[in-house]
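These notes concern the structure reproduced below.
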Amino acid sequence: MNDEKQKISHLLDEYSSNNFEKKTIDDLLDDVNQQYCLSRYQMIGQAMRHELPNKIDTGFSPVVMSRIRQTEAKNKFNVDPKKVVTTWRWEFLKPLAGMAVAASVAIISITLWQSVSFTPGSTAPDASFASVEQKKIDLLVNQPIQVAVPASTTLGTAKRNRNNNGMHWKVIRDAPGLERKLNAYLINHTEYSKSMQGLIPQARVAGYGAEK
Amino acid sequence: MPAMDWVQKMSESMRNLNYRGNFVYMHEKQLESMSILHLKNEQGEKERLLSLNGEAREVIRDNKNLTCIWPSSRTVVIDHTKQNSFSPLFIPDDIASISQLYDVKLTGKDRVAGHESVMVFISPKDQLRYGIKLWIAEESALLVKSNLINELGEVIEQVMFTSLEVLLDSHDLTLNTIPELDESFTMVRYHQGEPSEESSSDVAWHLTDMPKGFRLDSVLKREVSATGLYVHQMIFTDGLASLSVFVEKESVQNHSGSTSMGAVNAFIRIVDGHSIIAIGEVPAATVQQVAESVFYQEPNL
Amino acid sequence: MGINLLDAELVRRAQEGDSKAFDVLVQKYQFKVINLVGRFVNDHSECQDIAQDAFVKAYRAIGNFRGESQFYTWLYRIAANTAKNYLASRSRKSPTYTVEVEDAEHYEGESGLKEYTTPENLMLTEEIKQTIFKAIEALPEDLKSAITLREIEGLSYEEIADVMDCPIGTVRSRIFRARDSIDKELRPLLE
């Protein structure tokens with residue numbers, strides 16, 4: 001399984017045709033455990049990019065596939081034009097109208113997409129069609145922090161994150177008072193001194209450990 | 001265009017253009033992924049930095065305040081902003097004196113985050129300060145990569161954009177959406193009010209052995225809100241690098257010695273019941289030399 | 001960055017009628033689509049319904065996808081328009097052209113599908129995120145840097161090899177080892 005998982009990991013990132021193995025996809029489609037693995041690997045990246053929704057429904061994809069199967073079954077029956085013409089009854093007309101509308105939705109969708117413009121600063125959905133980076137920025141700007149998390153959860157989180165990433169002063173991890181003071185002085189120094197280091201001072205401030 | 005002109009143009013672009021991008025900040029084998037949005041309009045500059053890996057940590061800077069938000073620990077730190085503290089922080093005003101301490105030269109061209117860039121290397125002539133390599137986008141003159149290099153020639157900190165986009169509009173509204181902070185957040189203000197400038201003749205603390213090329217740039221006095229005590233800050237610069245000496249009555253838990261974080265070094269020393277803390281983006285030997293040369297002398301003597 | 005080959009192959013197979021291939025695409029993009037729809041609709045169950053609709057529409061229209069853009073870009077357009085149409089139909093008092101109502105009729109008789117969405121299936125993202133972040137923090141620096149450059153910065157293996165100054169094979173291995181280590185902590189939560 002480890003070898004298969006390694007192939008899945010690589011498959012997830014594959015953008016060049018070198019080493020691309022269609023057999024890996026055959027194996028993936030035949031093995032539900034590999035599919036779950038792919039899904040979890042994908043979830044890791046989405047969590048890192050803060051792209052996960054607030055609630056995760058692990059039954060989402062079975063519902064979608066069930067609806068697709070039902071739709072397919074209906075369509076096979078409904079799209080037969082001979083039956084529509086020969087019977088001409090309301091119950092057959094309705095689904096046909098549904099199909100016609102569904103087709104027009106596809107056309108409308110494309111037209112809308114081409115004509116709708118994105119207003120900077122708005123929460124217009126079109127922002128998400130842009131590059132991953134732009135989407136990320138828009139998310140950051142429009143949904144700055146997760147203040148809605150209950151305080152009790154957050155306290156727990158803070159404790160769990162005691163060793164979260166971020167910068168720390170060497171040697172003095174056992175002296176939190178001193179570390180706080182040094183951080184404060186470094187911010188003061190950064191704000192009131194001159195420096196030619198571009199973004200490094202800013203990055204340093206933003207990179208402080210979460211528990212400060 | 002000469003190397004120093006590129007640096008000056010970069011400083012102006014970083015201040016005057018609207019841009020956003022993602023960059024990685026690497027230090028001591030650690031990597032922080034961040035995004036930046038910088039806006040400039042008639043009201044001034046605004047800037048937002050957000051740490052993308054781990055819990056979101058956010059820094060918002062406008063003309064008045066520097067606000068740092070740590071959602072996971074529900075902490076907000078607010079400090080005053082100095083008018084000229086936006087990135088990059090400084091346009092050197094005395095190029096002649098800098099040339100005595102540093103070599104500044106163009107070293108080639110490179111492509112970073114899709115931007116054709118010129119490379120400028122500012123290398124120190126001694127071991128009392130760091131060197132820095134800058135990659136400056138030819139078209140926009142924005143900084144796309146920088147390496148901070150220590151006295152041994154090693155890269156100790158690096159910033160590199162992975163995407164960078166110049167914006168035509170200031171997107172002003174987007175930066176006004178500072179999050180509502182509920183009562184579970186702890187607000188920390190490091191000092192009350194603006195720090196006041198002091199004239200150097202009022203200062204009772206002096207240095208006997210200033211590192212070559214460094215000079216006293218400004219002296220500030222600020223009140224620590226928690227204790228009501230005053231802290232003196234003396235800022236020294238050689239024209240590019242800088243360090244601060246903080247002097248406070250309360251001793252820092254009797255700690256003394258050196259410590260570092262990335263390229264920042266600090267040296268703490270106790271003198272006459274005061275803590276002397278030298279801190280800056282300079283080699284350890286430089287902050288130590290400064291801290292060890294601080295002495296007290298009554299004013300007006 | 002070019003076209004994702006996994007997506008391209010899954011789309012090709014879905015176009016040939018392989019619903020398992022489309023299922024993998026659903027699993028791959030469900031959270032992105034739900035997130036997008038969540039920008040229009042706050043209610044969780046409405047959001048889920050609209051996202052499901054979007055995938056169903058995508059499946060029906062997949063024959064029209066020509067591969068000129070990334071699959072997820074195409075999918076997002078469908079999802080955004082599904083959400084817009086939903087909001088438009090909800091705001092109309094006397095609809096004369098009710099796309100979504102008509103479309104809804106198309107799905108008549110699907111009650112009972114909601115049985116999949118039980119409270120047990122709903123997990124707080126916070127718990128998942130914390131587990132993942134904690135696992136990332138426990139990684140050695142080289143693995144942490146590799147996975148961060150890949151997942152957050154979106155760098156290719158070649159670019160990561162350049163940044164980390166190591167062979168591409170090492171990058172591939174580090175990214176897998178990082179994912180595998182994180183997955184060991186994540187999997188018990190989802191099983």
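We name chains A, B, ... by the order of the sequence lines, and we start the count at 1 in each one.
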Checklist line | A:Q46 portion near chain C, given a 4.5 angstrom heavy-atom threshold | finding: side chain

Notebook entry, point to check: Can you tell which of C:R172, C:R174, C:R150 makes a salt bridge (Lys or Arg N to Asp or Glu O under 4.0 Å) with A:D13?
Noted result: C:R150

Notebook entry, point to check: Parallel, tilted or perpendicular: which describes the rings of C:F133 and A:H50, with under 30° parallel and over 60° perpendicular?
Noted result: tilted

Notebook entry, point to check: Just wondering, do A:L52 and C:N35 contact through their side chains at under 4.5 Å, heavy atoms?
Noted result: no

Check: What part of A:L29 lies closer than 4.5 angstrom to a heavy atom of chain C: side chain, backbone, both or neither?
Finding: both

Checklist line | Contact winner vs chain A - C:I175, C:D18, C:D23, C:V24, heavy-atom pairs under 4.5 Å | finding: C:D23

Next item on the list: Give every residue pair that meets the ring pair (Phe, Tyr, Trp, His ring centres under 6.0 Å) criterion with at least one member in residues 10-30 of chain C, sequence neighbours excluded.
Entry: C:F22-C:Y59, C:Y29-C:F71, C:Y29-C:Y72

Checklist line | Near-ring test A:F60/C:F31, centroid separation under 6.0 angstrom | finding: no

Check: Between C:K20 and A:D30, does at least one N-O distance fall below 4.0 Å, as a salt bridge requires?
Finding: yes

Check: Has the side chain of A:R49 got a donor or acceptor atom that lies under 3.5 Å from a matching backbone atom of C:E151?
Finding: yes

Notebook entry, point to check: For chain A, which residues of residues 176-184 of chain C have at least one non-hydrogen atom nearer than 4.5 Å to it?
Noted result: C:F176, C:R179, C:D180, C:I182, C:D183

Item checked: Over 12 non-hydrogen atoms of neighbours within 6.0 angstrom of CG in C:D43 -> yes

Next item on the list: Would you give the length of the straight line joining atom CZ of A:R67 to atom CD of C:Q52, rounded to the nearest 0.5 angstrom?
Entry: 5.5 Å

Notebook entry, point to check: Any side-chain heavy atom of C:R13 within less than 4.5 Å of one from A:D26?
Noted result: yes

